Amino acid sequence: MANEWKPDRSSEQPIYKQIVLYFEKQIRNGELPPLSKLPSERKLSKDLGVNRSTVATAYAELSASDLITSKKGSGTVVRGSNRAYPGGQMPNWNRMLIAGTLLPNVPIIQRIAEETNHKHLIDIATGQLSPELFPNQQFQHILKNQTFDHPLSYEHPHGNLKLRETIARHLKIDKKIECTPSSILITSGAQQALHLIIQCLLKPGDAVAIEDPSYTYSLPIFRSLGIKTILLEVDENGVNPNDIHNAYINHRIRMIFLSPAYQNPTGAVLHPERRKKILKTAFEFGIPIVEDDPYSLLSFENEREATLKSEDSHGVVIYISSLSKMVSSGIRIGWILAPKQIVERLSDARQQIDFGSSIFSDWLAREFLNSDFYEPHLRQLKIELKIRRDLLVSAIEKHLPGQVEYTVPKGGIHLWCRIRQNHHDEKLFNRAVDKGVIYTPGIALGSKKGCVRFTFGRAAKESIDTAISAFSNALFEQK
Ligand SMILES: Cc1ncc(COP(=O)(O)O)c(C=O)c1O
């Protein structure tokens with residue numbers, strides 16, 4: 001919470017006093033209402049890079065001024081109650097925090113999000129590219145040399161037409177998927193695409209099948225909407241078509257969510273035979289498949305993985321992809337390819353949420369995809385990712401010999417490991433964070449205990465070995 005602010009070391013005001021004023025101001029102006037939690041002394045001193053005694057002195061002064069109170073077990077909180085004000089009462093923010101229909105992320109995901117803000121940690125947790133892998137210079141070139149002459153009004157409800165035309169062309173050339181621009185809806189990343197589909201096309205009580213482990217598993221939206229998830233185990237060839245068959249027979253699943261190419265987190269690719277069987281089963285029972293495909297172009301062996309959509313001769317697949325893993329995650333460009341009435345329905349929902357996509361992001365994405373930069377960037381990115389994958393594998397062999405089981409992924413950005421040694425997932429995670437590395441415990445992505453996801457696309461090349469060495473120290477220390 002406090003990590004965006006740092007004390008001014010050049011100021012004549014003592015650091016403890018700056019901390020006092022920092023909190024006092026926020027308590028008085030309502031940013032920190034009664035019962036708000038303050039960070040522990042240990043955490044704040046780490047965040048601010050100051051001695052713990054400095055924080056203790058600041059907290060003691062705030063406490064003496066009756067602004068905060070510390071209790072064993074519940075930590076330090078802002079004093080007062082919601083009703084303690086003469087002539088009025090404070091809104092009960094704490095009650096509201098648990099009142100919404102969209103549930104919060106599970107604590108381990110929240111913890112990862114929070115910890116990855118700490119610059120001192122080596123990040124092999126976050127599912128995105130390392131800063132130097134993004135095409136920054138190419139974007140700057142476009143911004144300098146291309147004229148942005150688009151009207152500044154809201155964008156078309158489906159997203160910019162020229163971007164949709166570009167994506168339709170890209171789908172045809174790169175993925176052998178035929179479509180027209182009016183079957184495409186631009187979204188704010190694949191994340192929004194998933195949310196729109198789940199919110200608009202399913203209802204409470206429906207059952208859906210999702211991969212286990214998977215990124216989809218980590219989304220609270222299913223629980224938020226009262227949708228039952230049937231787990232399909234992922235092995236090195238993806239999910240088993242028989243499991244889908246059984247899920248339909250036993251639970252009447254209404255939708256299947258699959259990420260068949262370099263799946264997050266396992267890196268698995270759905271076997272071509274399984275692909276065919278799954279399409280057949282989906283058609284036989286009339287179950288739509290949502291194919292989430294952010295990774296299929298990130299192949300290290302120069303053969304592009306076929307998608308379900310490219311073989312979907314009956315039209316049972318809703319296809320999602322995004323620029324996040326191959327160009328930029330911050331540009332927030334994703335897309336859905338679906339039957340036209342579905343695109344209309346989802347676009348209507350998108351209008352209700354935020355009136356559609358950003359003219360600027362749509363324009364930049366279109367310019368980049370149409371430029372001479374795109375192909376060479378993708379080629380270079382795959383080379384760089386492969387180097388990182390190999391560094392990660394070497395580091396695992398060096399620091400964790402015989403300790404983990406894994407399949408070397410042939411594309412994507414993640415490597416999934418099962419740790420042979422018995423361990424406690426959360427305790428191991430805490431130890432690793434203390435040793436300077438953050439990764440994703442498998443429990444955040446599925447039901448299996450004892451597994452971890454290492455993302456090789458995120459960390460700088462030089463730090464991958466250090467990260468695995470730190471992880472190994474954390475693992476061995478807990479014996
Ligand atoms: C399989 C999968 N789907 C969707 C997303 C969401 O990505 P974005 O919204 O950035 O496109 C991710 C991100 O890690 C992912 O791995």
Side-chain angles (χ1 to χ4, degrees), residues 105 109 112-113 116 123-131 133-134 159 163 167 170 184-199 208-222 229 232 234 238-239 255-270 289-298 305 307-309 317-337 346 350 353-354 357-358 361-362 365 368-369 385 409 411-416 438-440 442 444-446 453-459:
N105 277 309
I109 300 263
I112 293 169
T116 47
D123 179 3
I124 51 171
T126 318
Q128 60 172 335
L129 300 177
S130 180
L133 295 179
F134 292 123
L163 174 59
I167 287 171
H170 148 78
I184 294 174
L185 174 69
I186 306 296
T187 57
S188 174
Q191 181 84 338
Q192 188 184 47
L194 287 165
H195 268 238
L196 285 172
I197 289 167
I198 297 163
Q199 276 182 298
V208 300
I210 64 168
E211 295 163 319
D212 176 33
S214 69
Y215 175 78
T216 321
Y217 180 99
S218 71
L219 302 175
I221 183 82
F222 293 108
T229 46
L232 307 168
V234 180
V239 299
M255 210 172 252
I256 309 161
F257 291 82
L258 299 176
S259 189
Y262 313 122
Q263 196 248 11
N264 175 3
T266 61
V269 173
L270 185 62
I289 298 172
V290 175
E291 177 175 29
D292 182 13
D293 179 33
Y295 301 107
S296 68
L297 293 184
L298 298 180
E305 291 304 334
T307 58
L308 283 159
K309 185 68 202 165
V317 176
I318 294 180
Y319 180 82
I320 296 176
S321 190
S322 108
L323 290 188
S324 290
K325 317 298 172 179
M326 49 180 197
V327 179
S328 157
S329 37
I331 195 171
R332 303 311 297 138
I333 293 285
W335 52 91
I336 301 173
L337 169 58
L346 302 183
R350 174 105 208 249
I353 295 166
D354 63 0
S357 51
S358 149
S361 282
D362 280 16
F368 182 76
L369 289 173
L385 287 174
I413 60 173
H414 306 293
L415 186 146
W416 179 248
I438 181 153
Y439 63 94
T440 303
L445 299 158
R453 184 190 79 182
F454 295 145
T455 299
F456 49 85
R458 181 61 177 162

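Because the structure is predicted, anything quoted here is derived from the model rather than measured. Start at 1 and go down the list; that is how both ligands and their atoms are numbered.
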field: Minimum-distance pair of heavy atoms, taken over all atoms of Ser321 and Pro294
entry: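 Heavy atoms only, the tightest pair is OG-CA, 4.1 Å.
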- request: Might you point out which heavy atoms bring Ile331 and Ala365 nearest each other, and give the distance in Å?
  value: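 Shortest heavy-atom contact: CD1-N, 3.9 Å.
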What atoms in ligand 1 come closer than 4.0 Å to a heavy atom of [X]?
{"X": "Arg332", "result": "8 (P), 9 (O), 10 (O)"}
{"X": "Pro294", "result": "1 (C), 2 (C), 3 (N)"}
{"X": "Ala190", "result": "4 (C), 8 (P), 9 (O), 11 (O)"}
{"X": "Gly189", "result": "9 (O), 11 (O)"}

query: Does any non-hydrogen side-chain atom of Ser296 lie less than 4.5 Å from one of Thr307?
result: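 Thr307 reaches Ser296 side chain to side chain.
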task: May I ask you to test the Leu415-Arg453 pair for a side-chain heavy-atom distance under 4.5 Å?
output: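 Leu415 vs Arg453: side chains apart.
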message: Once you restrict to heavy atoms under 4.0 Å, what part of Ser322 touches ligand 1? Side chain, backbone, both or neither.
response: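 The answer is the side chain.
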task: Check each of Tyr262, Tyr215, Trp335 against atom 4 (C) of ligand 1 and report the one with the nearest heavy atom.
output: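 Answer by nearest heavy atom: Tyr215.
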Of the listed options Lys325, Gln128, His195, closest to atom 14 (O) of ligand 1 (non-hydrogen atoms):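 Comparing heavy atoms across Lys325, Gln128, His195, the nearest one to atom 14 (O) of ligand 1 lies in Lys325.
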query: For Gln263, is the nearest heavy atom under 4.0 Å from an atom of ligand 1?
result: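 Outside the 4.0 Å threshold, so no.
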- prompt: Which protein heavy atom lies closest to atom 10 (O) of ligand 1, and at what distance to 0.1 Å?
  reply: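 For atom 10 (O) of ligand 1, the nearest protein heavy atom is Ser324 OG, 2.6 Å.
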task: Could you check atom 1 (C) of ligand 1 against the protein and tell me its nearest heavy-atom contact, residue, atom and distance included?
output: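 Of every protein heavy atom, Asp292 OD2, 3.2 Å lies nearest to atom 1 (C) of ligand 1.
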N or O pair under 3.5 Å between [X] and ligand 1:
{"X": "Asn264", "answer": "yes"}
{"X": "Ser188", "answer": "no"}
{"X": "Ser329", "answer": "no"}

Between the main-chain N or O of [Y] and the side-chain N or O of [X], is there a donor-acceptor pair closer than 3.5 Å?
{"X": "Gln263", "Y": "Pro213", "result": "yes"}
{"X": "Thr440", "Y": "Ala125", "result": "yes"}
{"X": "Ser214", "Y": "Tyr217", "result": "yes"}
{"X": "Ser218", "Y": "Tyr215", "result": "yes"}

task: Determine, step by step, whether Tyr295 and His414 satisfy the ring-ring contact (aromatic ring centres under 6.0 Å, His included) criterion, reporting the C-alpha distance in whole Å, the side-chain angles of both residues, the deciding distance to 0.1 Å, and the verdict.
output: CA-CA 10 Å; Tyr295 301 107; His414 306 293; 5.6 Å; yes
